[in-house]
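Worth saying up front: this structure is predicted, and the values here are computed from it rather than measured. All ligand and atom numbering here is 1-based and tracks the order in the structure.
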Amino acid sequence: MVVFENKAIPKLLLVCLFVQFSVSAANFFQPFNVTYDHRALIIDGKRRMLISGGIHYPRATPQMWPDLIAKSKEGGADVIESYTFWNGHEPVRGQYNFEGRFDLVKFVKLVGDNGLYFLLRIGPYVCAEWNFGGFPVWLRDIPGIEFRTDNEPFKREMQRFVTKIVDLMLEEKLFSWQGGPIILLQIENEYGNMEGSYGQKGKEYVRWAANMALGLGAGVPWVMCKQTDAPGDIIDTCNNYYCDGYKPNSPNKPTIWTENWDGWYTSWGGRLPHRPVEDLAFAVARFFQRGGSLMNYYMYFGGTNFGRTSGGPFYITSYDYDAPIDEYGLRSEPKWGHLKDLHAAIKLCERALVAADSPQYMKLGPRQEAHVYWENTQSAVLNTTLSESQSACSAFLANIDEHNTATVIFRGKSYSLPPWSVSILPDCSNVAFNTAKVGAQTSVKLVENALSPKISAPELVMTKNEVSSISESWMSVEEPIGIWSESNFTVQGLLEHLKVTKDESDYLWHMTRIYVSDDDVAFWEENKVSPTLVIDSMRDVLRIFINGELIGSVSGHWVKVLQPVQFQQGYSDLMLLSQTVGLQNYGAFLEKDGAGFRGQIKLTGFKNGDIDLSKASWIYQVGLKGEFQKIFTIEENEKAGWTNLKLDATPSTFTWYKAYFDSPDGSEPIAIDLGSMGKGQAWVNGHHIGRYWNLTAPKDGCPDSCDYRGAYGSNKCMTNCGKPTQTWYHVPRSWLQASNNLLVIFEEIGGNPFEISVKSRVPRILCAQMSESYYPPLREWLHLDLIDGKVSISDMKPQIHLQCEDGHIISSIEFASYGTPHGSCQNFSNGNCHSPNSLSVVSEACVGRNSCSVEVSNAGFGSDPCRGVLKTLAVEARCVSTSTIGVSQF
Ligand SMILES: *[C@@H]1O[C@H](CO)[C@@H](O)[C@H](O)[C@H]1NC(C)=O
Ligand SMILES: *[C@@H]1O[C@H](CO)[C@@H](O)[C@H](O)[C@H]1NC(C)=O
Ligand SMILES: *[C@@H]1O[C@H](CO)[C@@H](O)[C@H](O)[C@H]1NC(C)=O
Ligand SMILES: *[C@@H]1O[C@H](CO)[C@@H](O)[C@H](O)[C@H]1NC(C)=O
Ligand SMILES: *[C@@H]1O[C@H](CO)[C@@H](O)[C@H](O)[C@H]1NC(C)=O
């Protein structure tokens with residue numbers, strides 16, 4: 001039987017799905033209380049097993065939020081998690097911002113509107129690879145302040161902000177007992193890693209933070225992550241790649257995983273991290289297997305560090321994180337789909353998982369074990385006459401052997417467990433899911449590297465009306481080198497970078513005048529030497545100019561500078577442009593870290609000895625002229641004196657470029673390719689899309705294929721070696737108009753703006769492959785109750801599920817074979833066994849639809865094409881936007 005969308009779901013299930021939809025349409029919830037016991041959070045009187053997805057609201061636009069939340073829910077999330085971002089919410093002390101991307105209330109309400117709960121991690125130190133870990137830079141200037149310790153000025157400011165957030169949530173009735181979605185809060189963040197640096201004062205600070213939080217009347221439980229000494233009622237939680245076996249510091253607290261690192265962040269010039277979904281699913285299954293109760297993906301959607309919000313130093317603008325939803329808001333397959341299947345399997349076990357106070361442990365082999373959850377452990381164990389159907393039973397069978405498949409016997413049945421995998425048996429008998437067997441579709445966008453232009457061609461299939469050429473006529477204007485306004489000032493000696501810039505710009509000019517005598521010049525010529533500029537220590541980027549000419553650049557994190565320089569006789573202007581590339585977001589004593597220069601600056605190699613410039617008279621200038629005149633905005637850009645750029649213009653340093661472009665048609669996400677440029681920042685219609693930089697990842701360190709088996713670390717399955725770390729930059733659709741979008745680029749080192757292009761981005765090719773021995777189609781059963789007889793696993797056949805992005809339909813089936821097909825996505829071919837009906841069956845089920853399911857069975861294809869052989873269905877499909885369907889008729 002061919003299965004069309006949802007058709008295979010029995011009537012009873014459709015009723016359940018309908019009920020679920022009507023619940024989600026309801027506005028928030030009836031008020032409910034949240035408490036906890038040793039096993040789980042107790043929500044409205046019931047223990048719950050909860051899947052949470054991390055989405056940082058300012059890393060997307062409000063226009064993207066509804067779709068991200070809907071995709072999280074569809075993927076099986078019960079909870080959405082986010083930090084708060086103090087420096088976004090209070091850019092100037094006492095002046096709050098809860099607008100646009102920082103509209104926290106709107107975001108929490110949208111989550112509630114979708115029937116999902118909310119985990120709000122206030123911090124207010126959040127790390128998060130976010131600028132300064134979320135601290136406002138003005139916090140450094142408060143007299144006597146020391147961050148994150150028993151320090152009155154800090155505690156006063158922290159309490160003020162945390163109270164502000166909790167009061168706002170109270171006012172808007174967003175806590176569970178008010179009928180809102182917030183079920184859990186976090187105070188501080190991974191302080192356990194830093195506490196040792198602060199001695200006794202650190203311990204006192206932890207107690208203070210806990211009491212302060214509990215005193216705010218939020219009325220829901222609080223957590224502290226990575227905090228083994230979390231006091232009293234505060235639940236200490238785990239952040240790691242694996243958290244099975246984690247035990248909180250009291251037998252009365254549940255096991256909660258606040259950060260499951262499903263990928264990792266990256267730096268300019270770094271490789272791109274990738275965590276294989278088989279290992280991620282293994283980690284999640286192990287967590288629930290061994291008694292875990294709430295797991296949050298960090299991140300479920302990573303998004304973009306727009307503007308200068310990226311932390312650092314040196315974190316890139318993309319915060320894709322290899323998350324299940326990619327930077328552009330598209331499903332990252334097969335990660336999203338495989339996790340959805342996993343979540344469905346876990347939910348089928350929820351009744352038994354919450355009923356049991358603890359699992360029954362069974363050793364199945366040297367590196368194999370089962371954990372069995374009985375709804376009624378006492379009677380199950382003591383009263384063997386109790387019929388099993390009366391008591392829910394769910395089991396997890398794990399093979400933690402990294403190399404070998406194991407066959408185990410569990411309750412009289414034999415199970416084959418692939419290496420490093422968990423099989424989930426919601427009824428203690430049938431396998432609903434194995435973490436190492438991926439049945440989800442892949443999409444070609446993800447098979448290849450999404451960020452590199454060289455191999456992006458097949459994934460970003462362009463049809464004519466999707467490519468939008470930037471107007472041929474680029475214009476440019478030069479940024480002055482050095483002091484450019486009356487806001488310059490002169491000081492004897494060196495000032496700390498952030499004290500001067502207040503982080504209002506990445507850039508700080510320092511200028512001093514050097515006098516070189518005839519004797520010096522003669523001395524250098526005689527000895528064939530030249531003087532050297534020596535700086536004891538600096539971060540993040542330094543550009544050195546003499547008389548307006550760039551003579552050297554250095555980048556690093558507190559590195560020494562030794563730059564040979566050349567002077568003519570007489571006076572010369574030495575200009576040092578100090579730059580930040582994301583403020584420090586991790587570590588103790590952040591308030592003391594600062595930026596710019598440390599120690600001494602001197603010129604060595606002069607005839608009469610070194611010249612100490614540390615005490616010299618320096619002229620300071622914050623920022624760039626174009627930046628402060630806002631020439632990137634629609635309103636101000638005309639004032640900048642632009643001139644037309646010639647096609648053969650030589651790349652120039654410190655130059656502003658502008659051009660106009662029309663939006664590509666449709667609703668697909670937009671990326672701008674800045675692969676031809678060097679380093680700088682870019683704006684579209686006045687919106688700051690972020691910093692860009694063309695640093696290239698090292699050539700080695702990326703394996704040919706990624707082996708999911710064994711413990712994951714962020715260096716394990718790197719990709720993108722030898723290619724620029726980031727060339728594509730997300731421009732949210734909501735920042736664009738149909739035509740005449742103003743693109744402004746500030747370029748520091750040179751590049752070719754004529755090669756910049758704007759493209760829409762969408763997975764065009766979907767592939768899936770599944771054998772007839774695969775598991776039944778779990779994903780339709782998300783949130784359904786197995787035990788009440790609504791679902792019988794053994795009745796259902798495996799199904800391939802294909803799904804294009806919203807607004808797209810399957811336009812053609814490029815390949816389909818039910819039999820023994822060879823190859824992989826984009827390279828499938830028929831094997832010896834092939835059902836002649838393959839293409840027609842799959843086409844009939846799928847073409848013209850946004851999503852479809854096809855049963856992988858002989859019945860599905862009319863007859864058995866080869867008896868006694870294990871058959872597989874392989875499909876490659878093409879998606880097309882419904883808005884372009886007229887042009888690309890199939
Ligand atoms: C929540 O708990 C409080 C205090 O025990 C109680 O007064 C209130 O009625 C409870 N609310 C709900 C919705 O159960
Ligand atoms: C054992 O099960 C039987 C049949 O369900 C029941 O009559 C009996 O009371 C149970 N005994 C205990 C100790 O639970
Ligand atoms: C620098 O500041 C001084 C004093 O305000 C002013 O006279 C001078 O013109 C400024 N320099 C530039 C280039 O604007
Ligand atoms: C980065 O851009 C600059 C300016 O166009 C160029 O000189 C340099 O070679 C580029 N570096 C890489 C790694 O592409
Ligand atoms: C495609 O598959 C064939 C055999 O099935 C193999 O020889 C060939 O290398 C594959 N090509 C690619 C690009 O993977």
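- Residue Asn33 approaches ligand 1 through these ligand atoms, each under 4.0 Å from one of its heavy atoms: 1 (C), 2 (O), 3 (C), 8 (C), 10 (C), 11 (N), 12 (C), 14 (O).
- Side chain to side chain, Gln621 and Ser487 meet the donor-acceptor criterion of an N or O pair below 3.5 Å.
- Near Thr696, with a cut-off below 4.0 Å to any heavy atom, the atoms of ligand 4 are 13 (C).
- Neither side chain, Thr719 nor His274, offers a donor N or O lying under 3.5 Å from an acceptor on the other.
- Contact annotation for atom 11 (N) of ligand 4: protein present (non-hydrogen atoms, distance under 4.0 Å).
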Acceptor/donor pairs from residues 551-565 side chains to any protein atom, 3.5 angstrom cut, sequence neighbours excluded:
from	atom 1	to	atom 2	distance (Å)
Ser553	OG	Arg543	NH1	2.7
His557	NE2	Gln584	OE1	3.2
Gln563	NE2	Ile551	O	3.4

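- Those atoms of ligand 4 with a heavy atom of Gly750 less than 4.0 angstrom away are 4 (C), 5 (O).
- Ranking protein heavy atoms by distance to atom 7 (O) of ligand 3, first place goes to Glu486 OE2, 4.5 Å.
- Between Asp326 and Arg761 a salt bridge is recorded (basic side-chain N to carboxylate O distance below 4.0 Å).
- The Gly751 neighbourhood of ligand 4 comprises atoms 5 (O), with distances under 4.0 Å to a heavy atom of that residue.
- Given atom 8 (C) of ligand 3, the protein heavy atom at minimum distance is Asn488 ND2, 3.8 Å.
- Of the protein's heavy atoms, Asn694 ND2, 4.2 Å lies nearest to atom 6 (C) of ligand 4.
- For atom 13 (C) of ligand 1, the closest non-hydrogen atom on the protein side is Pro31 O, 3.4 Å.
- For atom 4 (C) of ligand 3, the nearest protein heavy atom lies 4.0 Å away or farther.
- Side-chain contact, Glu747 with Thr655: no donor N or O sits under 3.5 Å from an acceptor N or O.
- Of the residues listed (Lys46, Arg47, Arg48), the one engaging Glu350 in a salt bridge (Lys or Arg N to Asp or Glu O under 4.0 Å) is Arg48, and it is the only one.
- Ring centers of Tyr117 and Phe29: under 6.0 Å apart, within the cut-off.
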